[in-house]
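Please find one structure pasted underneath; my questions will follow.
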Amino acid sequence: MADFGAALSFEWYKIRTVRSTFWNIGAFLAVSLALAVPSGWYLHKTYADLDAAERAAFDPIGSGLSSVRLGLLALVIFGVLTVTTEYTSGTIRSSLAAVPRRGLFYASKVAAGSLVALAASTVVVIATFAATQFMLGEHAVGLSDDGVLRAILGGIVYTTLLCVFAMGLAAVLRSSALTIGLLFPLFFMVSTILANIPTVGKAAQFLPDVAGGQILYREPQGDTILNGWTGLAVLVAWTVAALAAGYLAVRRRDA
Amino acid sequence: MSAAIEVRRLTKRYGRTTAVDGLSFEVQPGRVTGFLGPNGAGKSTTMRAIVGLDRPTDGEVLVAGRRYEQLEQPLRHVGALLDVSVHTGRTVRAHLTGLARSNRIPDARVGEVLDLVGLTDVAGKRAKGLSLGMAQRLGVAAALLGDPQVLLLDEPVNGLDPEGILWIRALMKRLAAEGRTVFVSSHLMSEMALTADHLIVIGQGRLLADSSVTEFVSRNSRSFILIRTPEPEKARDALAGAGIEVVTGADGTLEALDTTLETVGALVARHQITVYEISPQVASLEEAFMQLTSDAVDYRAKQEV
């Protein structure tokens, strides 16, 4: 029988024996906090200047968590590198000689990467939320407040899923540069730019990071028919599609 | 004795290029089997197909009676040295430890194979700093990790210094003497002459020969008796008189074909010819190989006309 435990420990061992893992996870945390702290401080400082309408629209949850959207680019790089370095360094050949069942190899790699992403996301999302609320002072919300737990748990799922989505895509493309070169503009520019063009914006709301990101906010952002949960469901669909495409690529192509 | 590796009508095409074309052979345990062919003959493709890295277009390859993917803990059955690729940021020891964990091989075995290949001193170094020879030794260590009965070595002497070459030759012979199957590819015939007991020769993805080294040489090369003499005319007449075909070699020596040392010795004595040397000559493996593969190329060229 296929030995999933051994294959998983192999993948976990590979992840923790390269420096880039620590750099990327560290950057995920650092960037998220580095944005959350000053934005919390700024919102706290300017709250007094807001008029009634602006105060009503003020979202202490979303303003804290939106900074993980930038930090998670480092998590995405981690996911991409976990897959593509096997191909760029050529270790895919010794890895597949050790774990020749392609499905088992791919499943254990995705599982190991996802578990690391989940653990990192849990720490980063909670830390980012806590840091923002600390800076917001008397305008902060607590865990028992409406929508807070949903946003935190949803945020953890959101960042984890985007990392898993990136792993699936990386298994298809096999190149770090190509995968990151495709994902970064998608996350950074295309989503933002498309969202601001009226008709195209309707399609942009279904992009993986835009749809999934709705869970971070109290109210849906922009002109969208999605809410937090349906947005997350759209991201799940993207992730499943990317994983399936990655599986077919790993299974069919020569290493 | 059942074959350790069975290649059955293996065909591999990459787009329009046929790398391996209906190749069948078996590799037996207990001896070093050389896998010869000029560059581009399909050796590496065949090796990669054996360990399941390349999917055959047609045919199949069995290792220890099964397809490679069906082996439980494959590193304990088959050790493969293909092109050596290590993540440059990972240490030598970590590269091996990861592979060991994948097949539930105890971590202690990593230290043993590092000792065996002489890399203990650099175990903690990142692979980035390894020389080509050291990387090759690391590849051998990875192949030996699971103490496998079948070893596949693709061009193992590449990048090794003379000491390393002697070491790998001795290692291959020792592994074969232990009853293991050692299947080693090379495009260097002279290298195979020193290490292989048996030869599988391919050209253009097809089998050209499957025989022992001595049989291969005698079948594919001409042997002759070399005669070095200051009286070549007299010697030539004497040999011709006895019905022996003689040709003149490049440096003025005579080459007597299809005869024995004894016949030539008796003949020169009877005719009182001064000779400096009479010796049997067998063409080297290199020459035999060149002859065989040039035939294959000629055959191909004619086919395409």
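Naming convention: chains lettered A, B, ... in sequence-line order (proteins, then strands); numbering from 1 in each chain. Here the structure is a predicted model, which is why all the values come from computation and not from measurement.
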Aromatic B:W167 / basic B:R137 pairing, under 6.0 angstrom, 45° off normal: yes
Measuring centre to centre across the rings, with the benzene-like ring taken for any Trp, is A:F105 within less than 6.0 Å of A:F10? no
One option among A:S94, A:S108, A:S20 has the most heavy-atom pairs under 4.5 Å with chain B, and it is A:S94
By a 4.5 Å heavy-atom criterion (distance strictly below it), what part of B:L145 contacts chain A: side chain, backbone, both, or neither? neither
With chain A, which of B:G98, B:G52, B:G146 has the greatest number of heavy-atom pairs at distances under 4.5 Å? B:G98
Flag the one option from B:T91, B:T88, B:V86 with the top tally of heavy-atom pairs under 4.5 Å to chain A. B:V86
Can you tell which of A:T88, A:V18, A:L8 has the highest number of heavy-atom pairs within less than 4.5 Å of chain B? A:V18
Between B:E155 and B:H187: side-chain donor-acceptor atoms closer than 3.5 Å: yes
Between B:A94 and chain A, with a heavy-atom cut-off of 4.5 Å, which part of the residue counts as in contact: side chain, backbone, both or neither? both
Segment of B:T97 engaging chain A (4.5 angstrom heavy-atom cut-off): both
Heavy-atom contact with chain B under 4.5 Å, split by part of A:R19: side chain
Minimum heavy-atom separation for A:L65 to A:I152, with atom names? CD1-N, 4.3 Å
Shortest non-hydrogen contact from B:A176 to B:V182? N-CG2, 3.8 Å
Heavy-atom cut-off 4.5 Å, strictly under: side chain, backbone, both or neither for B:L82 against chain A? neither
If one checks every heavy atom of B:R76 against chain A at 4.5 Å, the contacting part turns out to be neither
Should the pair A:R101-B:E72 be classified as a salt bridge under the 4.0 Å nitrogen-to-oxygen rule? yes
With respect to chain A, which residue among B:V78, B:V51, B:L99 yields the maximal number of heavy-atom pairs within a distance under 4.5 Å? B:L99
Between B:F183 and B:F35, does the ring centre distance come in under 6.0 Å? yes
What part of A:R252 is in contact with chain B, defined as an atom under 4.5 angstrom from a non-hydrogen atom: side chain, backbone, both or neither? backbone
Heavy-atom nearest pair, B:L10 first then B:P56, reads CD1-CB, 3.5 Å
